[in-house]
Amino acid sequence: MGHPVLRTRARELERAELKQPSMQKLIDDMIDTMHEYHGVGLAAPQIHEGVRIFVAAIAPQDEEPLAPGDEPMVFINPVITPLGIDLVDDWEGCLSIPDLRGRVPRAREIQVTAMDRHGGKIDVTSHDFPARVIQHETDHLDGVLFLDRMRTFETLSFLEEYARYWSKDRD
Ligand SMILES: [Zn+2]
């Protein structure tokens with residue numbers, strides 16, 4: 001946090017750009033970085049690349065996290081449409097804001113369209129945890145951090161205090 005690229009709207013990618021080896025390498029690097037830091041998602045601006053890509057270790061329609069060997073999903077130029085008006089508050093953290101957790105309201109259910117890493121079409125609905133990850137990561141592409149989305153900072157916690165006072169099951 002503090003690097004200007006994290007606060008800048010990332011640019012859209014053309015489908016043809018995905019054929020460039022450098023772009024495929026960037027995606028592989030993002031997946032490696034996400035795994036290295038035990039994240040569930042990572043957006044390109046978090047490694048200082050201002051392009052609209054995020055990777056996420058989720059199955060969009062499934063609350064369960066991916067099995068360790070499963071390929072993470074790659075979303076390019078994602079567009080989110082909330083379905084319904086339900087908002088849910090839950091805990092979020094961010095690799096760009098280490099050691100903090102806070103409760104953030106997000107749409108419970110969304111539709112997301114995007115390209116995959118080969119330019120194929122993604123069009124899925126998602127709810128609850130994976131929908132939260134998709135909203136958090138898409139925010140990064142618009143220069144928005146989870147702190148911006150909190151209703152108040154009353155739940156903002158260091159990891160140690162989160163684990164001690166707030167954590168029930170997740171983490
Ligand atoms: Zn983040």
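One is the number of the first residue; the rest follow in order along the sequence. As the structure lists them, so they are numbered: ligands from 1, and atoms in each ligand from 1.
For the 3.5 Å distance criterion, the side chains of Ser157 and Trp166 qualify, holding a donor opposite an acceptor.
With salt bridges taken as basic N to acidic carboxylate O contacts below 4.0 Å, one links Glu92 and Arg106. With respect to the salt-bridge test (charged N to carboxylate O, under 4.0 angstrom), the residues Asp90 and Arg101 do not qualify. Ion pair Glu14/Arg11 not flagged as a salt bridge, since none of the NZ, NE, NH1 or NH2 atoms sits closer than 4.0 Å to an Asp/Glu carboxylate oxygen.
Note on the Zn ion (ligand 1): protein N/O/S atoms under 2.8 Å are Cys94 SG, His136 NE2, His140 NE2.
Side chain of Arg108 to main chain of Gly84: no donor-acceptor pair is present (N/O by atom type, distance under 3.5 Å, no hydrogens or angles).
The only member of Phe129, Phe146, Tyr162 that meets ring pair (Phe, Tyr, Trp, His ring centres under 6.0 Å) when paired with Trp91 is Tyr162.
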